[in-house]
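Structure, as structure tokens:
Indexing begins at 1, ligand by ligand and atom by atom, following the structure's order. Predicted, not measured: the structure shown is a model, and the values here were computed from it.
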Amino acid sequence: MTDLHNKSFSTRAVHAGERVPPGDYVPVATPIHPTVGYLYDSLDDLDAIFATTREGYVYPRYGSPTVSAFEAAVANLEGGEAAFAFASGMAAIHVALLAAGVRAGSSVVAALDLYGATYTLLNRLFAELGATVRLVDVTDLAAVEAAVAETRPLALMAETISNPLLKVADVPALSELARRYGAQFLIDNTFASPYLFNPLAEGADYVIHSATKYIGGHGDVMAGIVVTSAENRRKLYELNKLVGSVLGPFEAWLALRGCKTLPLRVRQQCANAAHVAQWLAAHPRVARVNYPGLPVHPQHELARHLFGGQGFGGVLSFEIAGADKAKVFRFMEALELCLPATTLGDIYTLVLHPATSSHRSLALEERARVGIGEGLVRLSAGIEDAADIIADLDQALARAI
Ligand SMILES: Cc1ncc(COP(=O)(O)O)c(C=O)c1O
């Protein structure tokens with residue numbers, strides 16, 4: 001394997017996880033291993049692998065070589081001891097919460113402003129199973145501390161940059177608070193990507209990605225991954241043997257391939273999002289723009305500090321003045337370059353209406369409490385030329401609004 005010690009992020013993005021020799025030769029790019037069985041000369045070897053006293057593969061629900069390469073790559077990029085991959089980001093979140101020990105009778109404090117399915121997983125499924133879930137605005141540290149002090153949660157959970165309102169969590173302060181109260185801190189780092197921010201270095205226990213987004217990056221693969229300690233990885237491994245939300249070798253290969261261009265893509269996406277946010281902020285038909293890169297954003301300085309001035313992310317959201325769902329739909333239909341698809345983090349610029357898609361599972365009053373109105377549009381900047389993205393938004397706003 002290439003020695004990556006002391007190498008920069010871009011170099012590690014290209015080489016991490018690759019070149020584990022399967023025999024007496026070394027493939028430059030990790031192959032796709034679509035087998036369900038693995039043969040050993042000695043059954044004692046198989047037995048040792050089952051017992052986890054020896055590394056190796058017995059059955060792909062337990063682990064497989066292409067998936068291991070992807071896990072090694074993301075563990076490296078997040079600066080973590082180990083990683084475990086899943087078939088989706090939601091599976092990663094679900095199993096990470098189980099690994100943190102969330103069960104009937106335990107308590108969780110989580111950000112109010114979370115991806116809709118995460119919100120519903122916690123607030124409905126885990127709550128129905130007997131966990132107590134308290135949702136708070138994580139940008140209000142006093143409110144978080146009050147909730148943590150009162151409920152003594154097993155786990156605190158937030159998104160580094162929230163979906164869809166782009167609030168930035170003070171990860172070092174939240175880690176410190178979680179530690180002080182004996183809670184484990186889980187952070188969904190999907191929007192920041194490992195290029196902008198590494199939460200483990202700031203004390204997080206579990207870092208979660210929907211690798212469907214920036215890590216995969218090309219809109220062609222669904223995957224999730226959790227980066228954590230070797231000890232926590234063993235818990236994820238044991239749980240997923242039972243849950244069975246396994247990443248396939250073809251998907252792992254695509255996701256690993258995505259890692260290589262992550263810094264190039266995210267740099268361009270951050271630059272494009274910054275241009276679009278500035279342009280939208282000056283548009284007469286736009287009432288509000290949520291983007292951490294704008295100086296008026298409440299966590300602008302925090303974001304600059306956390307992300308080391310490398311950028312402020314590729315996603316923004318904006319409120320079209322006085323627009324209802326029908327108006328927003330006409331605007332999205334009028335777009336000719338930007339794609340109205342239900343995802344983010346791709347090379348293509350994408351727009352989405354959170355109230356009817358990513359946050360559809362929330363009741364009207366829940367969406368109102370979070371602050372997701374009918375006129376809110378989320379935009380994920382692609383890697384096209386910013387001037388072309390802006391021209392498309394301009395013509396669509398002029399035609400539809
Ligand atoms: C921040 C965030 N976390 C998790 C997920 C879930 O990931 P997946 O769709 O890969 O299950 C999403 C999906 O949009 C997301 O935006």
Next on the checklist: As a test of reading the model: which residues have a non-hydrogen atom less than 4.0 Å away from ligand 1?
Outcome noted: Ser88, Gly89, Met90, Ile93, Tyr115, Glu159, Asn163, Asp188, Thr190, Phe191, Ser210, Thr212, Lys213, Met222, Ala223, Leu344
Item to check | OH/Tyr59: more than 12 non-hydrogen atoms of other groups inside 6.0 Å | outcome: no
Checklist outcome for this item: In this structure, CD1 of Ile401 is separated from CZ of Arg285 (nearest 0.5 Å) by 8.0 Å
Checklist entry - Got a sec, which residues hit side chain to side chain contact (heavy atoms under 4.5 Å, CB included) with Arg179, two or more places apart in sequence or on another chain? => result Asp205
Checklist entry - Is any side-chain N of the basic residue among Glu333 and Arg330 closer than 4.0 Å to the acidic one's carboxylate O? => result yes
Checklist entry - Which distance, rounded to the nearest 0.5 Å, do you find between the SG of Cys259 and the CD1 of Ile225? => result 7.5 Å
Checklist entry - Does a donor on one side chain and an acceptor on the other come within less than 3.5 Å for Asn232 and Tyr206? => result yes
